[in-house]
Amino acid sequence: MDHEKRLSRLFIDEKIGVEKRLKLPIVTTSKDEICAIPGVRYGIRFKSKRTEREKYIFRFKKL
């Protein structure tokens with residue numbers, strides 16, 4: 001995304017139902033900033049071109 005948007009508004013705009021919303025993974029930074037919802041929308045951090053040296057580190061936590 002190029003600009004900020006509330007998560008609820010994004011789900012409404014993309015026509016994602018309540019049950020699917022509860023199952024979608026949300027990728028955040030260590031500062032709890034949302035940077036991607038796989039299959040729905042990706043933030044600017046995921047759109048930029050990366051070199052092989054630059055890696056993403058994913059840490060999963062169960063809510």
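All values below come from the heavy atoms of this structure, side chains included, with hydrogens, waters and symmetry mates left out. Nothing fancy with the numbering, it's 1 onward along the sequence.
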Worked check of side chain to side chain contact (heavy atoms under 4.5 Å, CB included) between I37 and R21: CA-CA 10 Å; I37 304 169; R21 294 177 195 183; over 6 Å; no
Value rounded to 0.5 Å, distance of CG in L7 from CZ in R41: 11.0 Å
Value rounded to 0.5 Å, distance of CG in L24 from CD1 in I16: 5.5 Å
Inter-residue atom distance R6.CZ - I34.CD1, 0.5 Å rounding: 12.0 Å
Exercise: identify the closest heavy-atom pair between P38 and P25: CD-O, 3.4 Å
